[in-house]
Amino acid sequence: YRLNLSNGGAPTALTHVLGGIFESDFSPDGQRLAATAYDADGYYLTIIDNPLGGGPDGPLPVIVPDWRSLPQNLELKARQEQAPLPEPQAARTYNSFTEIGFDAWSPWLLGSGEEGVMGGFLAGFSDPLRYQTLSVVAGVESNYVEPVAAARYDYSGFFPEFTLQADTMPVTYPSLVLDSDGDYFDYAEVQHRLIAAMTLPWNRVDFQAALSLGLQLEDRYAIDDVVDDYEEADIRTENLEQDFSAAFWGRLNFFNAAAFGRSHSAEDGRYLSLVAAREDRSLGSEIERTRARSDWREYLPLPWGWESHVIKLEAVYGRSWGDDTALGAFGIGGLELLLLPPLGMDRNLAMRGYEANYRVGDEAIKVGAAYRVPLWQPYRNLNATFPFYLQQLFMEVFYEGGRINDVANGEGDSPWLNVAGAELNFATKLLRFLPVAPGIGVAYAFDREERGEDVDPLWEKLSIYFSVKANVSF
């Protein structure tokens with residue numbers, strides 16, 4: 001159809017065909033229209049001359065009469081016409097449990113010089129109406145060759161929705177253990193979590209909000225190879241025990257950001273999250289404390305109208321009251337590993353250029369700003385035969401800053417940590433159903449130190465990291 005935007009008149013049909021016509025594109029001079037069309041014999045390519053003059057009233061011209069799919073389509077059509085009619089099937093009740101099937105899978109990879117490499121695959125299963133979804137993550141990390149695994153089950157067949165998640169992964173705390181000689185040792189543990197939640201969603205066209213309530217159980221144990229490093233030393237670090245914790249938590253999410261055009265990333269709007277968790281001995285927890293965390297992200301399209309050019313602003317604040325441990329209630333640093341939607345209380349504030357848990361404490365602050373820009377948006381297949389779809393190449397230039405304070409021990413404000421850098425991500429789709437987005441980034445950590453000693457030379461504050469995710473989504 002041709003739309004008259006000047007006077008708002010009725011649309012004018014440019015083609016009159018049985019079947020369908022898709023992916024149309026005008027020639028630069030507007031005199032021809034190329035498109036993919038479909039009829040009873042299958043798909044074919046067509047070029048229409050003088051489309052603005054009304055187009056053909058009958059069948060569309062076919063570029064290649066012996067289009068390679070035509071013989072197969074004709075043969076299939078003949079078989080279908082000659083086949084006997086199927087027996088009528090009695091109606092049956094829909095059962096989401098028996099209809100669950102495989103959806104898709106994707107590899108994931110995350111690594112840097114400071115944190116090593118972890119990677120694996122992510123797979124999804126659901127029934128056609130998505131009353132039930134199952135997500136499975138499996139992988140391994142390189143530093144201690146420990147597994148990284150998670151399974152999440154969601155049921156939305158009635159209100160409220162229910163979620164059950166179990167996961168395990170190693171967590172590292174650099175230079176956490178101090179001995180009597182003033183030497184520092186890294187500490188690492190394996191963390192097991194089990195989270196059960198019910199969610200009251202409020203979904204509208206202009207926003208999505210949800211209130212989640214749940215129980216989070218955590219058990220952890222130190223990795224033997226790490227303990228061997230300081231086993232004979234006179235340790236001064238206190239409260240290093242691997243405590244079991246159980247917490248009731250509540251989470252309130254609000255999201256009204258929109259993605260424009262064909263982008264996978266939010267480009268206009270905001271995300272708000274508020275989480276509170278209470279660990280209590282009455283639940284069997286060996287730790288008794290209250291933690292709260294709030295997250296804010298704002299997406300601002302640039303006023304001069306450049307498509308998908310966005311400023312992203314963010315701020316995070318976390319605070320804890322109660323028992324104090326050497327591991328802290330929050331940690332800052334590391335790359336963001338978001339394979340599943342957030343659930344429960346997350347202790348980590350990701351900050352590129354610094355190792356995970358680079359600093360720990362009971363009060364956490366982080367701010368950030370980024371400029372996101374599309375560099376290349378081909379949105380086409382690599383060629384006519386190989387199923388490799390190129391989508392978009394995005395760049396992000398970012399700044400992040402933050403600090404962790406240890407208020408419980410009476411320490412003042414810790415030094416502010418700063419990092420700046422850039423990241424590239426390229427969204428693709430392989431074999432028509434496998435989304436893969438490789439990425440690479442560089443970060444300069446201005447304040448990276450080794451326990452009070454400046455890192456020198458300057459290039460040691462520079463880090464390169466890489467990732468493979470399902471989609472580009474800054």
Side-chain angles (χ1 to χ4, degrees), residues 108-120 137 139-144 146 148 150 167-176 184 186-191 193 218 220 223 226 293 295 297 314-318 326-340 342 344-361 363-368 370 396 398-405 414-423 425 439-451 455 460-469 473-474:
W108 63 272
L109 188 68
L110 197 65
S112 69
E114 296 81 16
E115 298 187 76
V117 180
M118 63 173 63
V137 177
V140 67
E141 60 85 41
S142 63
N143 287 336
Y144 306 105
E146 292 287 343
V148 178
D167 55 54
T168 180
M169 70 178 301
V171 181
T172 303
Y173 301 81
S175 302
L176 180 70
Y184 284 93
D186 292 343
Y187 176 76
E189 64 181 15
V190 174
Q191 180 187 81
R193 295 195 311 167
E218 293 186 13
R220 52 182 70 88
I223 296 176
V226 177
R293 170 174 171 159
D295 291 68
R297 293 197 294 268
E314 66 173 326
V316 184
Y317 179 77
L327 307 181
F330 298 98
I332 194 169
L335 303 175
E336 186 172 32
L337 181 63
L338 189 59
L339 299 175
L340 299 175
M345 171 64 72
D346 185 5
R347 58 162 283 128
N348 191 54
L349 283 68
M351 181 178 288
R352 289 165 279 195
Y354 298 90
E355 300 94 324
N357 295 301
Y358 180 78
R359 293 287 185 266
V360 297
E363 183 182 43
I365 305 169
K366 179 194 171 184
V367 297
E396 179 188 42
F398 65 87
Y399 162 80
E400 295 173 349
R403 69 179 175 215
I404 292 283
N405 299 324
S414 66
W416 190 265
L417 304 176
N418 299 276
V419 62
E423 181 175 332
N425 280 273
I440 188 170
V442 59
Y444 186 81
F446 296 90
D447 307 288
R448 187 166 175 266
E449 302 175 346
E450 295 295 341
R451 280 298 180 183
V455 175
E460 292 188 12
K461 297 185 178 184
L462 190 70
S463 63
I464 297 176
Y465 60 93
F466 57 89
S467 64
V468 175
K469 344 179 232 200
S473 183
F474 292 112

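Heads up: numbering here begins at 1 and tracks the sequence.
- Considering only heavy atoms from C-beta on, Arg403 comes within 4.5 Å of Ile365 through its side chain.
- Taking 4.5 Å as the limit, every side-chain heavy atom of Glu355 sits out of range of all side-chain heavy atoms of Thr172.
- The shortest non-hydrogen separation linking Leu340 to Ala150 is CD1-CB, 3.9 Å.
- Atom CD of Glu336 and atom CG of Leu110 lie 9.5 Å apart (nearest 0.5 Å).
- Legend: residues meeting side chain to side chain contact (heavy atoms under 4.5 Å, CB included) with Thr168, ordered by chain and number and at least two apart, are Ala149, Val190, His192.
- With a 4.5 Å cut-off on side-chain heavy atoms, Val171 and Arg220 do not count as touching.
- Side chain of Lys461 to main chain of Phe446: a donor-acceptor pair is present (N/O by atom type, distance under 3.5 Å, no hydrogens or angles).
- Residues Tyr184 and Ser175 share a closest heavy-atom pair of CD2-O, 3.3 Å.
- Considering only heavy atoms from C-beta on, Val117 comes within 4.5 Å of Phe466 through its side chain.
- Geometrically, Arg293 does not engage Phe330 in a cation-pi contact defined by less than 6.0 Å to the ring centre and at most 45° from the axis.
- Taken from NZ in Lys366 to CG in Asn348, the straight-line distance is 8.5 Å, to the nearest 0.5 Å.
- Taken from CE in Met118 to OH in Tyr144, the straight-line distance is 11.0 Å, to the nearest 0.5 Å.
- Judged by distance alone, with hydrogens and angles left aside, the side-chain atoms of Glu423 form no donor-acceptor pair with the main-chain N or O of Glu396 at under 3.5 Å.
- Residues Glu363 and Tyr317 have side chains that bring a donor and an acceptor to within less than 3.5 angstrom of each other.
- Residue Leu176 holds its CG atom at 8.5 Å from CG of Asn357, rounded to the nearest 0.5 Å.
- Looking at residues two or more places apart in sequence or on another chain, you find a side chain to side chain contact (heavy atoms under 4.5 Å, CB included) between Ala356 and Glu115.
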- Task: Before giving the answer on side chain to side chain contact (heavy atoms under 4.5 Å, CB included), spell out for Ser463 and Val442 the whole-Å C-alpha distance, their side-chain angles and the decisive distance to 0.1 Å.
- Result: CA-CA 6 Å; Ser463 63; Val442 59; over 6 Å; no
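- The shortest side-chain heavy-atom distance between Arg352 and Glu400 falls under the 4.5 Å cut-off.
- Between Trp108 and Val148 there is a side-chain heavy-atom pair separated by less than 4.5 Å.
- Each of Leu335, Ile332, Asp447 was scored for a side chain to side chain contact (heavy atoms under 4.5 Å, CB included) with Tyr354, with one residue passing: Asp447.
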